[in-house]
Structures are given as structure tokens and as C-alpha cells.
Number of protein chains: 2
Amino acid sequence: MELAEVVSPESLVEPQGRYLADLMGRGVQGTADAVVLPATTEEVAAVMRWCYEHDVPLTARGGGTGLAGGAIPVEGGVVVGFERLNKVRQFDPLLWRMHVEAGVTTGDVQRLARESGLRFPPDPGAAESSQIGGNIACNAGGPHAFKYGVTGNWVTGLEAVIPPGEIVQIGGPLRKDVAGYDLKSLLVGSEGTLGLVTAAWLRLVPAPELELPVIGIYRDAEAGIAAIERVLASGVVPATIEYMDAVTLGYSGETYPFGLPEGDAFMVMTEADGAPPEARRVAAELREALEEDAVAVHAPEEPSDVAALWRWRAGVAFAILAQRGGAFSEDIAVPLDRLRDVARETLAIGARHDVPALSFGHAGDGNIHSTFLFAPDDPEQERRADAACHDLFQLAHELGGTVTGEHGIGWLKRGQLEQQLGAVGYDLHLRVKRAFDPKGLLNPGKKR
Amino acid sequence: MELAEVVSPESLVEPQGRYLADLMGRGVQGTADAVVLPATTEEVAAVMRWCYEHDVPLTARGGGTGLAGGAIPVEGGVVVGFERLNKVRQFDPLLWRMHVEAGVTTGDVQRLARESGLRFPPDPGAAESSQIGGNIACNAGGPHAFKYGVTGNWVTGLEAVIPPGEIVQIGGPLRKDVAGYDLKSLLVGSEGTLGLVTAAWLRLVPAPELELPVIGIYRDAEAGIAAIERVLASGVVPATIEYMDAVTLGYSGETYPFGLPEGDAFMVMTEADGAPPEARRVAAELREALEEDAVAVHAPEEPSDVAALWRWRAGVAFAILAQRGGAFSEDIAVPLDRLRDVARETLAIGARHDVPALSFGHAGDGNIHSTFLFAPDDPEQERRADAACHDLFQLAHELGGTVTGEHGIGWLKRGQLEQQLGAVGYDLHLRVKRAFDPKGLLNPGKKR
């Protein structure tokens with residue numbers, strides 16, 4: 001039987017380039033024999049059954065905004081895209097919950113919640129393109145994960161298709177459940193290698209009424225990271241703790257809305273949120289913690305200023321990319337006492353490979369976007385930037401951290417897992433993979 | 001080789017009764033050929049290797065405060081107790097984290113955190129006896145899980161021994177990590193059937209400075225549950241939302257510190273927490289949401305009154321038990337829109353089986369302790385109470401809920417999993433079990 005016989009004609013599209021790559025870059029494009037855009041969970045199951053019967057690889061893709069190549073069909077076969085599986089099945093604002101299909105964009109989930117005074121807190125980049133299914137597949141984070149946690153913390157139930165092509169319901173609109181093994185958490189972050197998530201029950205929370213950023217500018221990383229430690233010791237819980245190192249600010253600082261002082265600058269960006277009096281109290285504590293040794297403290301209060309700040313923050317990655325046209329931006333995470341090492345060693349790695357280097361990101365979670373730049377028309381420079389990434393992964397291992405805090409292993413970090421997990425842990429990882437996908441057809445080559 | 005040759009002499013104790021049962025009751029006591037109290041992780045690994053070589057069942061136990069029989073060695077073999085594996089390996093209050101061995105009591109973890117201005121939020125009952133390893137094995141909850149989540153939300157890393165007897169480190173003092181599959185969450189709540197947790201990295205959070213309970217008393221469940229819905233719609237996030245039905249208050253109300261009005265009473269107990277102004281603001285919102293249709297609202301502010309309230313709340317289960325001498329108190333969880341059904345049907349099930357019935361518990365999480373009473377010297381009544389529990393589990397299935405929100409499946413709820421998970425989900429559950437424990441020696445007869 002042909003694949004065309006098990007899916008509806010409008011679900012089958014030509015394998016165009018946009019279904020074969022993601023934002024990992026490195027010139028990697030996959031190949032596919034077919035691209036299916038199912039409109040129902042049953043159709044996803046039919047595709048997987050067909051693939052399992054014919055020993056054909058099956059790679060799922062969401063919005064294609066991944067940075068680790070997780071959605072690239074590196075071994076050909078069938079690509080399943082979720083853009084047509086995009087219904088909001090149920091929304092119960094009074095019960096703080098929503099049931100959405102995998103192809104709903106993160107931005108739509110956030111907007112729908114906001115319109116009812118609620119928040120879906122995970123805020124990875126590219127919210128307008130990325131899909132909730134992809135966020136779940138990567139357990140996506142974002143700046144506000146410091147206070148609110150990552151995507152998985154907000155998922156209470158999943159509908160998924162698992163090999164050889166069966167539909168399973170795990171959890172639901174339940175806030176607590178310890179009956180079965182936590183298969184929900186196992187699928188979250190599994191990057192399409194264990195099953196294909198087709199829908200999710202999301203937990204929501206009342207939106208904070210006010211968000212007040214408080215930003216400290218320091219002369220160097222040492223002073224900035226000391227300020228982060230004072231924030232942690234202050235007894236308040238900020239919504240976010242980000243840092244942007246001096247090179248990052250050198251590239252992006254010109255559009256920073258409140259103006260940077262002359263000379264080297266290392267930025268620590270925090271935010272207080274909550275009802276207005278609470279947000280103001282926390283903001284005052286943050287200011288007190290940040291202002292020692294600061295060359296400037298900015299605490300915008302006007303909503304337009306706060307919005308301008310976050311627009312700037314969202315644009316930092318693009319300002320970096322614009323420097324040379326190419327940038328590899330990774331996402332290692334380390335214990336908080338090793339933040340200094342990441343800031344310093346990122347620069348040292350860049351120097352060693354003779355590529356511009358910088359770091360910024362979710363400092364409160366120890367999750368830093370160390371980044372190496374290159375000109376896309378200079379393959380030798382690109383190769384050096386890629387080699388720098390591999391040194392960075394080694395650094396994460398040495399610091400007792402992880403090679404990925406939010407992007408996933410994907411294709412890019414293949415071969416890193418065994419070192420990180422150790423022989424016993426990696427064997428356990430493979431045992432779980434085989435338990436779900438004995439033929440190894442789901443997103444082959446990834447997450448290993 | 002004998003077991004005595006692989007463990008130190010002081011680790012081997014006689015199989016006394018206290019190692020063979022937990023708080024499930026029902027006259028179930030296990031048997032054991034040996035009880036080992038290892039003092040090191042290596043010793044735990046040695047025991048498991050021995051059991052795996054000799055095909056001997058291995059059952060782990062923490063404080064023995066479980067309510068589902070999860071720690072009872074129903075198929076004999078070796079019991080491993082964790083009371084001697086009880087070191088605090090590291091405590092970094094300024095980084096909000098702690099590394100403890102599995103045998104440290106929940107109470108000690110909470111106290112140590114509190115002394116540094118921090119909180120370990122999970123607050124299951126019996127904190128002075130229960131051990132953190134047991135809390136992890138059951139993914140224990142408690143009243144404050146509504147705002148703070150369950151045990152697993154506060155675990156960032158585990159050390160565990162997995163079959164055939166290998167030590168594995170999963171995660172660590174890391175706030176984000178999406179490298180491998182989420183084996184940490186898989187072990188959390190696995191009730192000792194996948195591996196034996198020997199130590200954990202715990203995440204902590206600054207302790208709220210003030211906790212202000214706000215309690216509404218209503219004439220019936222309908223009015224009380226409507227009040228809970230108004231709390232959810234109010235836009236604030238209480239630390240806890242509990243209810244105690246009229247029968248519960250009939251048994252325990254006499255010692256309620258603020259006095260109950262005459263007549264039937266259904267209690268909704270919430271709490272605001274945070275810095276003093278924020279706690280007061282939230283408490284005022286809670287009062288406004290609760291007071292409609294209330295016959296009384298109590299909002300104690302004196303720390304001694306607040307402490308008295310929580311002492312009373314902790315004693316409710318004992319007051320219930322004292323009525324007849326025996327009580328089966330279960331822990332189903334349902335979607336929040338089905339709370340009314342639980343309150344009503346619990347009483348109907350009790351009437352059907354001619355045993356006193358009541359319900360109370362963590363209403364905000366939909367996780368209710370429906371309870372059926374019996375006299376221990378009346379086996380027929382005990383049998384009816386047990387039958388009522390089975391009707392309750394059926395109710396949980398019908399309401400789209402779970403048979404266990406915090407106690408676990410254990411031995412008590414054997415046979416319930418397949419119905420709850422469905423054929424595909426249950427098969428997946430078993431596949432995971434086999435991937436970890438191919439010989440099926442870890443806590444046999446449980447979690448299935």
C-alpha cells in the first residue's frame with residue numbers, strides 16, 4: 001500500500017526545502033520522500049503505522065524554529081508537519097486550562113490566555129512561528145523560566161501517537177496524578193524520538209498585572225555576576241535574571257532604549273512582577289541588590305518603555321547575527337556557581353578558534369547562550385565557529401552542566417549525550433528509546 | 001555468595017514487623033528474607049546486584065508512612081531501608097539548593113531550609129517520619145502543592161541504583177536540562193519499581209515572610225465549591241485551597257480553633273502568602289471571594305492562631321480515624337469541574353456500602369481524600385469500607401480523573417492502572433518497566 005492511500009490527498013505535499021531544515025544552519029538540509037500535513041490525530045497514526053510497516057523513517061516538525069537540527073530529516077523518509085493540526089479544542093479560563101492541538105503557535109496560546117487575564121508563561125523566542133508541539137518536543141524555556149519554569153511545567157496531559165502507530169492519552173486536565181510512570185514528562189523534551197505529540201492540556205495562571213524590569217550595568221562580568229548573587233540572596237524571586245556580556249552589548253547596545261554608559265558594559269536584567277504594590281516592592285529590592293558597583297541602574301515603569309525593552313531584548317540575537325551574517329548560538333546550562341566560568345571561558349574559546357565570541361541569556365537558570373560568529377561566505381571561519389561550539393560543549397561537561405538547557409540535542413549535539421549522561425545513564429536512555437521505538441524509525445540520528 | 005558477604009554486618013538487621021508494613025492497613029504485612037539498612041550508595045548497589053544475580057525480589061522503604069502499601073514486601077525477598085543513608089551532602093542556601101541522601105526526613109529538609117530563610121515547599125503529612133526518598137518515590141504532594149507543585153517540581157537531580165545494580169547520576173544542581181530523556185521525572189513517582197533513589201538535589205525558594213489563612217464556612221458543598229470557583233476567578237494565586245466536608249467537620253470541628261457555627265458546615269480553607277503587603281492584599285481578595293454565601297469567614301493573623309489552625313488541619317486525619325478506629329482515606333484527583341461530583345458521590349458510595357463516608361483535602365488541585373470508616377474489630381465492616389474504596393476508584397475513572405493524586409498505586413490500587421491508562425498507555429507503562437527492570441524484581445506486585 002502506498003502512503004497516498006492512507007492519508008487524505010490534501011495532507012500530502014511536495015517535499016519542498018522549507019520542510020527539510022530548521023534554524024540550526026551549518027548548511028544542513030535533509031531529504032524526504034514525502035511530506036504529510038495531517039489534519040487529524042488519526043491521520044498522524046495512519047502515517048506512523050505506514051512508516052512502521054514499511055521501515056521508513058518518520059521525522060516530526062513544528063514551526064521549524066529549532067536551533068539544533070531536531071526537525072531535519074537526516075535519513076530521509078516521511079516528514080510530518082503539524083501546521084494543519086491547529087485547533088484549540090477547549091479553553092476553560094475560569095479553571096486555568098486549555099486544550100490545544102500541537103500545531104497551534106506559541107503566540108496564539110499566549111494571546112488567548114492573555115485575553116482572559118491568564119498567562120501561559122513559557123516564552124521561547126520566535127513565539128509567532130513556533131508551535132506548541134515543538135515547544136513540548138524541546139521542553140522550551142525562555143527568559144521567564146526563572147520564576148515560572150519551562151514548558152513541561154505547564155503541560156498536564158498529552159495526546160500522542162507512539163509506535164507502531166497507536167494513539168495514547170496521557171494525563172489530562174488534572175493538576176496531580178501519580179498513577180502511571182510520568183510518561184508525560186518523558187515525551188516532553190524527547191524531540192520526536194519517542195512519539196509524536198498531537199495535542200496537549202496546558203495549565204495557565206493568572207497574569208501578573210504589572211511587570212517592572214530593573215537593569216544594572218557593570219564594568220565587567222565579575223561585578224555583574226556578583227550582582228546576580230546579591231539578587232539571589234535578597235529573598236525575592238524575580239521573574240527573570242538575564243545577563244548580556246560586553247561583546248553582546250557592543251553589537252546590540254546602540255538600540256538599547258535607555259542608553260548605555262561609555263566604555264565596557266555588562267548588563268544584568270531582572271524583572272519584578274505581580275500586583276502593582278508587590279511588583280514595586282520586589283523592584284525596589286532588586287534595585288538595592290543591583291546598584292552596588294553598578295555604573296547605571298535603569299528601572300523603566302512606563303508600559304511603553306517596558307515593551308521597548310523587551311522588543312530590544314528579543315532583537316539581541318538578530319543584532320548579533322547581523323555582525324557577520326552567521327552566528328552559532330548555543331545553550332549550555334551550568335550550576336549557578338559556575339556562571340563566571342561560562343562568561344570567561346566563552347571568550348577564551350572564541351580567542352582560541354579566532355572567531356568573535358560572546359555570551360548572554362538566562363543567567364538565573366545558569367542557561368547561557370554562548371555564541372560564536374562567522375561570515376557565511378568564509379567556510380573556514382564557519383568551521384572554526386563550529387569547532388568553538390564543540391569546545392563549549394566540553395566546557396559544559398567539565399563544569400558539571402548540560403550541553404543543552406533549552407534547544408535540545410537534535411542533530412547538532414549528536415555524540416554529546418554519552419559523555420554527559422555517563423555509560424550507565426546513556427544505556428538507560430537507549431533502553432527507553434527502544435521501549436518506545438524498537439525499530440528506531442522516529443527522528444533517526446537525533447537525541448543521541 | 002551470601003547476602004551477608006556483600007554488605008557490612010551492621011547493615012543487616014532482622015526482618016522485624018516494622019520493616020514489613022506501612023500505613024495502608026488492611027491487615028497486610030509482607031515477609032522478608034532479609035532487611036538491609038545500607039549506609040552508602042555502593043552498598044545499595046551491592047544489594048541490588050546480589051538480588052539480580054539470585055533472582056530475589058527487592059523492596060525499598062523510606063519512613064513507612066505510605067498509605068498504599070507501596071513499601072510492603074508482598075513477594076518476600078530483601079527489604080532495603082534508607083534510615084542510615086541520611087546525610088546532607090551539601091547545602092548552598094545562597095544558591096537555593098540542597099543535596100541530601102534519600103533517608104533524610106522531610107521535616108529535616110524543611111527545617112534546614114527554613115533556618116536559612118528558604119523553603120522546601122512540598123508538605124505531605126507525617127513530615128517528621130517520612131523520608132525524602134519516599135516522598136520522591138511517591139511524588140508526594142500536600143496542601144501547598146496548589147501554588148508550589150509537588151515533590152518532583154523541586155528535584156533537579158537524582159542519584160539512583162538501577163538494575164542490575166548500577167549507580168546512575170541523573171541531572172544535578174541544574175535548573176534546566178533537556179539533554180537526555182527526562183529520566184528524573186520517570187524515577188520520581190515510580191514507587192521503587194524502576195530503581196532505588198539514593199540521593200537528590202533539591203531546589204529551594206525564598207520563604208514567604210507571612211502566611212495568612214482565610215477560611216469560609218458554608219451550609220453545604222454546593223455553596224463551598226462555588227466559593228472555590230470564585231477564588232479561581234479572582235485573579236490571585238492562593239498558596240492552598242482545601243475543603244473539609246460536613247462529616248469531616250462533624251468529627252474534627254470541636255477542636256477547630258475559631259469555632260464553627262451551629263448546624264451543617266462545609267469549610268473552604270485558603271491561604272495567602274508572601275511579603276506582608278502582598279499576603280494582606282491576596283488575603284483581602286480571598287476574603288471577598290469567600291464571603292458571598294458564607295455563614296462565617298475566619299482570617300486569623302496572629303502567628304500563634306495561624307500555627308493553631310495548621311496544627312488542627314494536620315490533626316483532621318487523626319480525628320477521623322478516632323471515630324471508629326479504622327479509616328481508609330484515598331486520594332483520587334479529578335478535573336476541577338468535577339469537584340462537586342466527588343463531594344456528593346463519596347457520600348453516596350458510603351451510603352451504598354453502609355459505612356460512614358466523608359471527603360476533605362486539596363480541592364484546588366482536584367485531589368480529594370474521600371474516606372470510609374470502619375471498626376477494626378468488625379471485619380465485615382472493614383470489607384465494606386474497602387469495597388467503597390473500589391467504587392471510589394471507579395468514580396475517578398468515570399470523572400476523567402486519576403485513582404491517585406499523591407499516595408501512589410502501591411499494592412492497594414493494583415489492577416486500577418490498566419483501566420486508567422487504557423490498553424495502549426498501560427502497555428507503554430509496562431514497556432518502561434521492562435526497560436528498567438527486565439527481571440521484574442523491584443518492588444514486585446506494585447504500580448501495576
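Proteins come first, then strands; the chains are lettered A, B, ... in the order of their sequence lines, and each starts at number 1.
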| Is it the case that more than 12 heavy atoms not belonging to B/Arg448 sit under 6.0 Å from its CZ atom? |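 It does not: B/Arg448 CZ has 12 such atoms or fewer within range.
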| Neighbour count >12 (heavy atoms, 6.0 Å) for atom CZ, A/Arg119 |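 Result for CZ/A/Arg119: enclosed.
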What option among [options] has the most heavy-atom pairs under 4.5 Å with chain A?
| options | result |
| --- | --- |
| B/Asn153, B/Thr193, B/Ile332 | B/Thr193 |
| B/Ile170, B/Leu428, B/Val282 | B/Leu428 |
| B/Val236, B/Leu118, B/Asn367 | B/Asn367 |
| B/Val188, B/Val237, B/Leu421 | B/Val237 |
| B/Leu187, B/Val150, B/Val403, B/Leu194 | B/Leu194 |
| B/Arg431, B/Arg434, B/Gln420 | B/Arg431 |

Part of [X] within contact of chain A (heavy atom distance under 4.5 Å):
| X | result |
| --- | --- |
| B/Leu94 | both |
| B/Ile162 | side chain |
| B/Leu336 | both |
| B/Asn139 | both |
| B/Glu406 | both |
| B/Pro163 | backbone |
| B/Lys433 | both |
| B/Ile167 | backbone |
| B/Glu191 | side chain |

Most contacts with chain B, counted as non-hydrogen pairs under 4.5 angstrom, among [options]:
| options | value |
| --- | --- |
| A/Ala68, A/Gly410, A/Gly171, A/Ala275 | A/Ala275 |
| A/Ala145, A/Ser190, A/Ala140, A/Pro206 | A/Pro206 |
| A/Gly425, A/Gly149, A/Ala179, A/Ser185 | A/Ala179 |
| A/Ile409, A/Val168, A/Leu232 | A/Leu232 |

| request: Over all heavy atoms of both residues, which pair between A/Arg49 and A/Gly165 is shortest? Give the atoms and the distance, please. | output: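 Nearest heavy atoms, A/Arg49 then A/Gly165: NH1-O, 3.0 Å.
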| query | Taking all atoms of both residues into account, what is the closest heavy-atom pair of A/Ala272 and A/Ala283, and its distance? | reply |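 Residues A/Ala272 and A/Ala283, closest heavy atoms: CB-N, 3.4 Å.
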| task | Determine the interplanar angle of the A/Tyr426 and A/His429 rings, folded into 0 to 90°, and report it as parallel if under 30°, tilted if 30 to 60°, perpendicular if over 60°. | result |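 Ring orientation of A/Tyr426 relative to A/His429: parallel.
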Between the side chains of [Y] and [X], is the shortest nitrogen-to-carboxylate-oxygen separation below 4.0 Å, so that they form an ion pair?
| X | Y | value |
| --- | --- | --- |
| A/Arg97 | B/Asp337 | yes |
| B/Glu229 | B/Arg340 | yes |
| A/Lys413 | A/Asp331 | yes |

Could you tell me whether the side chain of [X] and the main chain of [Y] form a donor-acceptor pair under 3.5 Å?
| X | Y | value |
| --- | --- | --- |
| B/Asp177 | A/Gly405 | no |
| A/Asn443 | A/Gly70 | yes |
| B/Arg203 | B/Trp154 | no |

| Do the ring centers of B/Trp201 and B/Phe91 come within less than 6.0 Å of each other? |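 B/Trp201 vs B/Phe91: aromatic centres not under 6.0 Å.
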| field | Interchain contact, A/His362 with chain B, by part (heavy-atom threshold 4.5 Å) | value |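 Interface part for A/His362: side chain.
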| task | Examine whether an atom of A/Leu174 lies under 4.5 Å from a heavy atom of chain B, and if so say whether it belongs to the side chain, the backbone or both; otherwise answer neither. | result |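 Only the side chain of A/Leu174 comes within 4.5 Å of chain B.
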| said: Can a side-chain donor-acceptor contact be found between B/Glu285 and B/Ser234 if the only test is distance below 3.5 angstrom? | reply: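 Their side chains do not contain a donor-acceptor pair, so the 3.5 Å distance test is not met.
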